[in-house]
Structures are given as C-alpha cells and as structure tokens.
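Everything on this sheet refers to the single structure shown next.
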Amino acid sequence: MSVRPRLVPHAVAAAVTAVVLAPLAMPGYALRYDMVFVPRQALSWEMIAPADALPRAVPLDAVVALANLAVPGWLLQRVALVAVIYLAALGAARLLPSERTLPRVVAAVGYAWTPFLAERLLLGQWALLLAYAMMPWLVRTARDVRAGRPNALPRLVLAAAPAAVTPTGGLIALVTVAVLLPLRSRRTMAACAAVAALNAPWLVSSVVSAAGGVSDPEGVAQFAARAENWAGPVVALLGTGGIWNGQTVPASRATVLAPLVTLLILIAAAAGVGELRRRLPDVAGRLLILAACGLLLAVAGVVGPGVTLLEWLVVHVPGAGLLRDGQKFLIPYALALALCFALGVERLADRLAARFEPTAGRILLAAALLLPLVALPDLAWGVGGALRPVRYPADWAAVRARVEAAPGEVLSLPFEGYQRYAWTDGVVVRDPAPRYLDVPVLINDALRVGPVLVDGESPRAAAAAAVLAAGRPAAEIGTHWVLVRRGSGEPDASVLAGLRLVYDGRYLQLWENPSTPAVVRSADPGRRAAALAAHLLAAMVLVGAIVLLRRRSRSTALPSATGQ
C-alpha cells in the first residue's frame, strides 16, 4: 500500500473527530452527567481506597489527578475526547481485513459514528468510551499475540490499559483477551494475568471498601435498555442504541426512519459475516461469539427470564451491579457490526461493479459511507451542541480556598449525586465537589431515575439521607463543612441549624459545623495499603510493558554486526 492510501484513515479519523468535538474549540469545560473535569483534581486516598463507596471511579480519578500534575483539566478533557473518537475510527480502519481504502473508511465512520458513542457521550461516560476506542486495537494485538509476533504482549497491555481505568472497561478488556486468545497457552496465561493486574485497583478497592457489594434490584428495570422509536428496545440495541436514560438520546433516534436504517445496516452486515470469517480466520469466530454474548446481556434486561436472573444476581453476587446497565456491553457487538457492514458493502459493491460497471460499486460504497452520517446527523457539533463548554464560577475557587485552610469532610447539599446548576444552563452534572475540593465529600450515591430512587451501596450516605429525610439538622451527620448549592432544592433553615455561614456566594454557600473538628476521614491503614499495592501492581505492569516495548524496538533498529 502506498503512503497516500495509508494516510486516508488518519485523515478520516481526524475529520470525524473535528466534526464531533467542534464546540470544544471554545474555552471552558464540557460538563454533562458523569463527565466532570475540574481545573486541578488533587490526588487523595479517597480516589485510591474509597472509605465507604464502591470504586466506580477507581483508578480513573487517580489517573486524572496524576495527569493534572502536568496538564490542566480543560486540556486533559480535550485530549481524552479526541483520543476516544480518533482511535476508534483509526482502529476500525486498520483492523478491517481489506486492501482497499474506501471500505476501510466505511469501517472507520461506521464505528466512530454510532448511537452508542453519541449516547454515552451525552451521559458523560468518556472513560467507558476509552474501552470502546481501544476495542479494535485489542483485537489487533490479540491476533499478534496468537501469531507470536514480536512485541505483541506489551502492545496488548498498552491497548488494554486505557480500557481498565473503569471497572466495566477493564472487565470488557479482560474478557476480550480471554476469549480471543487460544486456551491452554502460555501466551494466553501471560496476557490474561497482565490485563487482570490492570484491573487490580478497582477489584481490590471493592473488596476492602466498607460499602456493600450487592445492589438494589430496582436498578435492573431502571437501567434496562429502552425503546427509542416505534421498533422497541431490541431493535434499538441492534442499532447500538437503547441507553436507559431518555435524556441522553439524540433526537434523530426517535424518527420513523431510524429502525429502517438499522435494518439496512444489518442486511449489509449479514453479507459480510462470511467475509470476516474468511479474512480473519484466527479471531473472527471468537469476536462474533463475544459480540453475540454482549448483545444477549444487553437484551437480558428487557426480557422476563433475563430480568429475573439479573435481579437475583445483583442481590446475591457482590459486584453484579455492573451488569444492570447491559447496554454498556454492546462494545464488541458495535465493532463486529462495523466490520461486517464494511465487508458486506464491499462484497455487494464488487457484485454491482461486475454486473454493471465499476462506478456502480463506488456509488454503493459512498452511500454506505454516508449512511451513518445521514442516520445520526446530530452527533455532529458536540452531539447537537450538548457538549458546549462552560466556566466554573469564582464561587468554587473561593470555597476550595476556605476548605484548604481547615481541611475537613464536606457534606454536599441538596443531597443528590447529580445536580442542576444555573451556570451549566440547567444541564445535569455529577456533583463536582468531590473532584474540585481536596477533601472527602459526602454525596448521595443513590440515583434518581424519573420518579424512582435506586438505592446506593454506601452505608454512610444512606445514614445521612435518613437524617435529612427526617428533617433533622445536617450538623448531626458529623461533617465539618456543609456545601450548599443555591437555587431549587436549597435546604430549609432547620437543616442548617447549628452551622455557621462562612461563605455566601451567588451559586454556593459554605457552612462550618463548629461541633465537629476539621479532620479528614479515610479508609483504615490496612485497606489503604492493600489498595495502594493494587495500584502499584497495575502501574508496574504498564511501565514494564512500555520499557519492554522500547527495548525491543531499539534492539531491532540497531544494525547487526555483519551489516556495519
């Protein structure tokens, strides 16, 4: 392949990235649901070993805090989001087993322009999308490990590392490696052990946390896939959509034509299944099985027997709460669908070209390239402007300065994990306080989905919620500081009884509890040591892979003795 065609996938990936993330050319932070970046996120024990909460952001928050030492939050957010879309598009193009440029471009756009990516962006789950972006690279490196190619194992570790910054992404990466590699192989054991070590931070933190490992079964129904149009939830999942939160669905998914586009993609993909198996005989069958299992897990939340099984699992099996949002596990399916779609279109284009003329085949490929864009036009411009950056008000810096002067635990009110701030134009945002303030912040880990409140796992948050629900003063909860968001939901004066107002801003108030000393709670030393050891293990595996890759690359670049 000449240099020019090899650059085309890079150009396409860059173009898709620019179109999707165009609003981020403006200053500020794109804050939306779980996507919360702050100017400087300080590293704390709570990010390594949460005292009484499940490690949903382990090791993500610690990784972000370390990156913030060198990169400000606004730039780090842009780097992360660019990496998601660019690597997803480029990875799919490189993985597609075709020597022709246009089918590779179809695969790139088909994987980087999907309802899954749009909906998870709107939900702010950029870290999960790192696993989405790295899936093609995981498959590529797994093929190299199977073939015994040089540097394959360290490259696989580097591909799995971004996925493992969240529990779901790490679990998907581990299962992918285990499924794609041959059984009873030393290389397979080494690869699985390395990826398992990358998952050690959240695994160990969940074991040593005081939070309960089981979850509220009510969440199975609330986090199940939902219909986006007349075709129902299963068809939505087949099109890689169907996210549980109706507020994070692009408007184009509700149109009458959306299921018909899904049908066209599935028909073309069906024509490409055989091609994928023929051209990638080493991993295609396993990838298709992995994709089918992910799809079945997503569908399980909307069918009777599956719902019953999931409800039993989340109540009786610690950590099974990860399975409640089954749509997350469509990542392998989305990749398989994009690859099969591109190969199916290529096959159909060849038939048209043979029967009529080459131009007919090229027109079909061009139409296939445009199909995802036409079907989901509102992914452009930050998912229809939803990722428009905003600025943190000065209140946040003022509150941080006062808390740093007397470090102590903070209670954030209203006691909701997700807040609507006036300065975000009413966009729902995960409370930024735990990341903005360099102390532990007590927030509610229960999640309100419409009229239903899905219980969290933190016993301390549950106790605080009971105090507030009974109308008793927040001072009884025992935090030194109480942070209040002004506006709707602002607590009554009775809740703030016994507290002293130390800062009164336009958007935030900070109250001090004189009856509670300024101390910082954290996990006990044993828990911290275990969690820290797990983080160090993951870091050693990652650094070891980088060092090994660099050494081998240098050794192959050096001229041999006979060639000097």
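Only heavy atoms go into these numbers, but all of them, side chains included; no hydrogens, no water, no symmetry mates.
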Original post:
With R40, which residues qualify under side-chain contact (heavy atoms from CB on, under 4.5 Å), at least two apart?
Top reply: A42, R400, E404
Original post:
What is the minimum heavy-atom distance between P23 and G382, and which atoms define it?
Top reply: CD-N, 3.5 Å
Original post:
Atom CG of L387 and atom CG of L81: how far apart are they, to the nearest 0.5 Å?
Top reply: 7.0 Å
Subject >> Between CD1 on residue I477 and CZ on residue R472, distance to nearest 0.5 Å >> reply: 8.5 Å
Original post:
Which is it for S494 and D492 under the side chain to side chain donor-acceptor pair (under 3.5 Å) test, yes or no, and what are the steps along the way?
Top reply: CA-CA 5 Å; S494 60; D492 296 333; 4.8 Å; no
Subject >> E490, CD atom: more than 12 neighbouring heavy atoms under 6.0 Å >> reply: yes
Subject >> Shortest non-hydrogen contact from I172 toward T176 >> reply: O-OG1, 2.7 Å
Original post:
Which of parallel (below 30°), tilted (30 to 60°) and perpendicular (above 60°) describes Y33 and Y418?
Top reply: tilted
**OP:** Would you check if M35 and Q77 make a side-chain contact, meaning some heavy-atom pair closer than 4.5 Å?
**Re:** yes
**OP:** Report yes if the side chains of L483 and L413 come closer than 4.5 Å at any heavy-atom pair, otherwise no.
**Re:** no
Original post:
When rounded to the nearest 0.5 angstrom, what distance separates CG in L123 from CZ in R32?
Top reply: 8.5 Å
Original post:
Do you know the tightest heavy-atom contact between P491 and L496?
Top reply: CG-CD2, 4.2 Å
Subject >> Electrostatic pair D504:R486 at N-O distance under 4.0 angstrom >> reply: yes
**OP:** Look up atom OH in Y86 and atom OG1 in T17, then write down how far apart they are to the nearest 0.5 Å.
**Re:** 7.5 Å
**OP:** Verify whether the ring centers belonging to W74 and Y29 lie closer than 6.0 Å.
**Re:** no
**OP:** Kindly give the heavy-atom pair with the smallest separation between R324 and V314, and that separation in Å.
**Re:** CG-CG1, 3.6 Å
Original post:
When you look at CE of M540, are more than 12 heavy atoms from neighbouring residues, nucleotides or ligands closer to it than 6.0 Å?
Top reply: no
Original post:
Is the backbone N or O of R253 less than 3.5 Å from a side-chain atom of N229, with the two atoms forming a donor-acceptor pair by type?
Top reply: yes
**OP:** May I ask you to establish whether R528 and W45 are in a cation-pi arrangement, using a distance under 6.0 Å from NZ or CZ to the six-membered ring centre and at most 45° from the ring axis?
**Re:** yes
Subject >> Residues forming a side-chain contact (heavy atoms from CB on, under 4.5 Å) with A200, sequence neighbours excluded >> reply: A534, L537
Original post:
Do V390 and L31 come within less than 4.5 Å of each other through their side chains, counting heavy atoms only?
Top reply: yes
Subject >> Verdict with reasoning, V249 to L122, per side-chain contact (heavy atoms from CB on, under 4.5 Å) >> reply: CA-CA 7 Å; V249 179; L122 287 176; 6.0 Å; no
**OP:** Tell me yes or no: between the side chains of S458 and D445, is some donor less than 3.5 Å from an acceptor?
**Re:** no
Original post:
So do the side chains of E228 and E119 get within less than 4.5 Å of each other, counting heavy atoms only?
Top reply: yes
**OP:** Output yes when E457 and R56 qualify as a salt bridge under the 4.0 Å nitrogen-oxygen rule, no when they do not.
**Re:** yes
**OP:** Compare all side-chain heavy atoms of D438 with those of V403 and state whether any distance is below 4.5 angstrom.
**Re:** no
**OP:** Take T248 and V383 through the test side-chain contact (heavy atoms from CB on, under 4.5 Å) and record every step on the way to the result.
**Re:** CA-CA 10 Å; T248 63; V383 200; over 6 Å; no
Original post:
With no hydrogens and no angle check, is any side-chain donor or acceptor of Q327 less than 3.5 Å from a backbone partner on G241?
Top reply: yes
**OP:** State, yes or no, whether a side-chain contact exists between L238 and Y333 at a heavy-atom distance under 4.5 Å.
**Re:** yes
Original post:
Is any side-chain heavy atom of D395 less than 4.5 Å from a side-chain heavy atom of Y503?
Top reply: yes
Subject >> Flag, side chain of N68 to backbone of Q41, donor-acceptor distance under 3.5 Å >> reply: yes
**OP:** Drop me the distance from L335's CG to T240's OG1, to the nearest 0.5 angstrom.
**Re:** 12.0 Å
Original post:
Can any side-chain N or O of W230 pair as donor or acceptor with the backbone N or O of V256 at less than 3.5 Å?
Top reply: yes
Original post:
Between L442 and V410, does a side-chain contact (heavy atoms from CB on, under 4.5 Å) hold up when you go through it step by step?
Top reply: CA-CA 6 Å; L442 181 60; V410 176; over 6 Å; no
**OP:** Give every residue pair that meets the side-chain hydrogen bond (donor to acceptor under 3.5 Å, both in side chains) criterion with at least one member in residues 123-135, sequence neighbours excluded.
**Re:** D34-Q125, T114-Y132, R120-Q125
**OP:** Could you go through the salt bridge (Lys or Arg N to Asp or Glu O under 4.0 Å) check for R485 and D431 one step at a time?
**Re:** CA-CA 10 Å; R485 169 181 59 80; D431 192 338; over 6 Å; no
Original post:
Would you call E416 and R448 a salt bridge, taking side-chain N to carboxylate O under 4.0 Å as the test?
Top reply: yes
**OP:** Could you tell me the separation between the NE2 atom of H535 and the OG atom of S205, rounded to the nearest 0.5 Å?
**Re:** 5.0 Å
Original post:
Is any side-chain heavy atom of L330 closer than 4.5 Å to a side-chain heavy atom of L295?
Top reply: yes
Original post:
Any idea how Y436 and W396 line up, ring-wise: parallel (<30°), tilted (30 to 60°), or perpendicular (>60°)?
Top reply: tilted
**OP:** Before accepting this row, confirm whether a basic side-chain N of the pair E409/R460 lies closer than 4.0 Å to the acidic partner's carboxylate O.
**Re:** yes
**OP:** Run the numbers on E512 and L499 for side-chain contact (heavy atoms from CB on, under 4.5 Å), then give the verdict.
**Re:** CA-CA 6 Å; E512 187 176 18; L499 304 179; over 6 Å; no
